[in-house]
Q: 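My questions all concern the structure below.
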Amino acid sequence: MFEVRVRFAPSPTGELHIGGARTALFNYLFARAAGGTFILRIDDTDQERSKPEYIDALMEAMCWLGLDWDEGPYMQSQNLDEYNRQAARLLADNRAYHCYCLPEELDEGRAAARKAGKPYLYPGKCRELPEEEARALLAAGRAPVIRLRTPDRGETVIDDEIRGRVTFDNSTLDDFIIVKSNALPTYNFASVVDDYLMKISHVIRAEEHLSNTPRQVLCARALGFTLPLYAHVPMILAPDRSKLSKRHGATSVEEFRSQGYLPEALLNYMALLGWSPGEEEIISLPTMIEQFSLARVNKTAAIYDTVKLTWMNGYYLREADPARLARLAVPFFQKEGLLPVNPGDHELRYLQSIVATVRDRVKTLAELADASTYFYRDHFNYDVKGVQKHFQKEESATLLRRAADTLRLLPVFDQESTEAAYRGLAETLGVSTGQLIHPTRLAISGRTIGPGLFDLMVLLGKEKTVRRLEKAAAYIENKAT
RNA sequence: GGCCCCUUCGUCUAAUCGGUUAGGACACCAGCCUUUCAAGCUGGCAGCAGGGGUUCGAAUCCCCUAGGGGUCACCA
């Protein structure tokens, strides 16, 4: 039995989006399920587009999700000598050659091929370039690239763990570039070298890489490397069925986080895209590890749907430990201006009791904060429809004043006592409890929807409740005159 | 356009070797519960892309068509 070693190898050219995160998750699950090693590698051989801040953001996102890696991060930019060494070997073996063609020269051929409706293949101009000419070109200041000498005939076969046998005709593959003119390796080359050196057993990545795979196999064979096993997982598509990109709005882990999604919800939702567990859909990371297998990963691209993710987030919101939830909610309350930068113990305790009550009816942390504003602000507008419904008759004012008077006299202000008081008052006044409850809710929260009224009053406290009832009564009386 | 991959309710998916009233989840609708809104519970709507084969029998195997996606860079 060989050791399972897998890697997640993003290029730091943007935020970690849900597709990349899901690939990371599957690698993680596969490694953990097999007792193997999960490696983080940063494929940063593109100097132009790679940005250090993306590396930090990437690791931050993975930590937030709880996808801890065992080795790395390894940077390809730190391993340049190795690629050069391997390329030199290929050159010495005549399995690769220098090519002096300029990109512009090649562009002409490309344009012509496109016009003719044919695929463009490098014509092999420098394949057998005489020594003299090469020297002359070099002397003229041309920086060559290195191309792999690929077979013209035969086929390259990949036995993919998920997709089965995939065959490519070698005649459709040209002598592709493995080292750029700036001496940096291309993805197909660097990736093969590292996967071999790191003893990667399974390359688990998105399907978009499937058509690159024969090139990598050719590289590995030229280098004399044994091949890893490949598993190409289905892509995650945007709602418009196209590949995920910035223009699709919230797709990065960081964005989901800032919208108030919980890591366990995002993780659970992502796991369901392209894979299905046993009986239960709601599963924790440890359970995913127990149940994960590549055999149950399907081949169909999935369109992600935030509606289901949001539902799931609501579920996890209600399940979460209240103290933890309060901690996670802090930035959202700060953003609404409800909490100071450094909230004290008292404020955090109050937050926790609010969160524990309000979370039952919201689906994200952002909604949670939004639904909690009236606990912190005395000034708010009354819901317009609510006013029409509950503040229209002048006797409503009387009702509210009677309620305020009753509550004020309560020696104990808790769920039971307030409810008993209200039910008693309704009876003496000869009205239904609802006739008392609805105007009260509007009076103390400005809203027609929210937590159970008695929870709400207790959370607000006797003083504020009574004050707001009287304020509302005055509002109704003013309105009437 | 060439090459490669894919195709079960609107969306995510199940249906181990071909035999199921094609199952579940989200969403939606209805009812129950109820001080509102949620949640919860119960029920409902909704799918094998199309056409040919093979077979006693096909969502499942084969072929064709259509559709979708990916990829064709000195990006990964």
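Please read all numbers here as calculations on a predicted model, not as lab measurements. Numbers restart at 1 for each chain; the letters A, B, ... are given by sequence-line order, proteins then strands.
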Q: Taking the side chain of A:Glu281 as its heavy atoms from C-beta onward, which of B:C74, B:C12, B:C6 lies nearest to it?
A: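 So the side chain of A:Glu281 is nearest to B:C12.
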Q: Any donor-acceptor pair under 3.5 Å between the side chain of A:Arg163 and the base of B:C5?
A: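 It does not, because no donor-acceptor pair links the side chain of A:Arg163 to the base of B:C5 below 3.5 Å.
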Q: Taking the six-membered ring for Trp, are the ring centroids of A:Tyr304 and A:His17 within less than 6.0 Å of each other?
A: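 Centroid separation for A:Tyr304 and A:His17: 6.0 Å or greater.
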Q: Take the protein atom OH of A:Tyr304 and the nucleotide atom C1' of B:G69, then report the distance between them rounded to whole Å.
A: 17 Å
Q: State whether A:Thr45 places a side-chain N or O below 4.0 Å from either non-bridging phosphate oxygen (OP1 or OP2) of B:A76.
A: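 Yes.
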Q: Between A:Phe176 and A:Phe189, does the ring centre distance come in under 6.0 Å?
A: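 No - the distance between ring centres of A:Phe176 and A:Phe189 does not fall below the 6.0 Å cut-off.
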Q: Taking it one step at a time, do A:Asp44 and A:Ser77 satisfy side chain to side chain donor-acceptor pair (under 3.5 Å)?
A: CA-CA 6 Å; A:Asp44 57 348; A:Ser77 58; 2.7 Å; yes
Q: Quick one: which of B:U7, B:G69, B:A76 gets closest to the side chain of A:Thr186?
A: B:A76
Q: Rounding to an integer number of angstrom, what distance separates B:U20 and B:C33 when you compare their P atoms?
A: 40 Å
Q: If the cut-off is 4.0 Å, is A:Lys389 near the phosphate of B:U36, judged by side-chain N/O to OP1 or OP2?
A: no
Q: Work out how far the P atom of B:G68 is from that of B:U11, and round it to whole angstrom.
A: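 B:G68 and B:U11 have their P atoms separated by 14 Å.
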Q: For RNA chain B, which residues in residues 423-439 of chain A have a heavy atom at a distance below 4.0 Å?
A: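 Per residue number, the list reads A:Arg423, A:Ile437, A:His438.
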Q: From B:G69, B:C37, B:C4, pick the nucleotide closest to the side chain of A:Ile449?
A: B:C37
Q: So, OP1 or OP2 of B:G24: does either fall under 4.0 Å of a side-chain N or O from A:Lys308?
A: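 The answer is no; no side-chain N or O of A:Lys308 sits under 4.0 Å from OP1 or OP2.
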Q: Take the protein atom OH of A:Tyr261 and the nucleotide atom C1' of B:C26, then report the distance between them rounded to whole Å.
A: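 Computing the A:Tyr261:OH to B:C26:C1' distance gives 13 Å.
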Q: Taking atom C1' in both B:C63 and B:U55, compute the distance separating them and give it to the nearest angstrom.
A: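 Rounded to whole Å, the distance is 16 Å.
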Q: Looking only at atom C1', what distance separates B:A15 and B:G69, rounded to whole Å?
A: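 Per the computed distance, 25 Å lies between those C1' atoms.
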Q: Any side-chain N or O of A:Arg359 under 4.0 Å from OP1/OP2 of B:A38?
A: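 Looking at the OP1 and OP2 atoms of B:A38, neither is under 4.0 Å from any side-chain N or O of A:Arg359.
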Q: Counting side-chain heavy atoms from C-beta on, which of B:C6, B:G68, B:A73 comes nearest to A:Arg241?
A: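 Nearest nucleotide to the side chain: B:G68.
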Q: Would you say the base of B:U36 and the side-chain of A:Arg447 have a donor-acceptor pair closer than 3.5 Å?
A: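 No, the side chain and the base share no sub-3.5 Å donor-acceptor pair.
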Q: Looking at A:Ser276, does any N or O in its side chain come under 4.0 Å of the phosphate oxygens OP1/OP2 on B:A14?
A: yes
Q: Expressed in whole Å, how much space separates the P atoms belonging to B:C6 and B:A14?
A: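 Looking at atom P only, B:C6 and B:A14 are 15 Å apart.
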Q: What distance, rounded to whole Å, do you find between the two C1' atoms, one in B:U42 and one in B:C4?
A: 48 Å
Q: Please determine, for the side chain of A:Lys180, which listed nucleotide (B:A25, B:C75, B:C6) has the closest atom?
A: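 Nearest nucleotide to the side chain: B:C75.
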Q: Do A:Thr172 and B:C3 have a side chain to base donor-acceptor pair shorter than 3.5 Å?
A: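 Between B:C3 and A:Thr172, which were checked side chain against base, a qualifying N/O pair under 3.5 Å is absent.
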Q: Considering every strand and a 4.0 Å limit on heavy-atom distances, what is the contact class for A:Phe454: base, sugar-phosphate, or nothing?
A: base
Q: Regarding A:Arg296 and the six-membered ring of A:Phe292, is the cationic atom NZ or CZ under 6.0 Å from the ring centre and inside 45° of its axis?
A: no
Q: Base of B:G69, side chain of A:Glu208 - is there a donor-acceptor contact under 3.5 Å?
A: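 By the distance-only test, no, there is no pair.
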Q: Measure from the side-chain heavy atoms of A:Arg361 and tell me the nearest of B:U71, B:A27, B:A38.
A: B:A38
Q: Strictly below 4.0 Å, N to O, side chains only: are A:Arg423 and A:Glu419 in salt-bridge contact?
A: yes
Q: Side chains of A:Tyr422 and A:Thr440: any donor to acceptor distance under 3.5 Å?
A: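 On atom types as modelled, these side chains qualify, holding a pair under 3.5 Å.
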Q: Can you find a donor-acceptor pair, distance only, under 3.5 Å between A:Asn212 side chain and B:A76 base?
A: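 Checked by distance alone, the answer is yes.
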Q: For the side chain of A:Met235, counting heavy atoms from C-beta on, which of B:A73, B:G70, B:U11 is nearest?
A: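 Taking heavy atoms from C-beta onward, the closest nucleotide is B:G70.
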Q: When you compare B:A30 with B:C45, how far apart are their P atoms, in angstrom units rounded to a whole number?
A: 15 Å
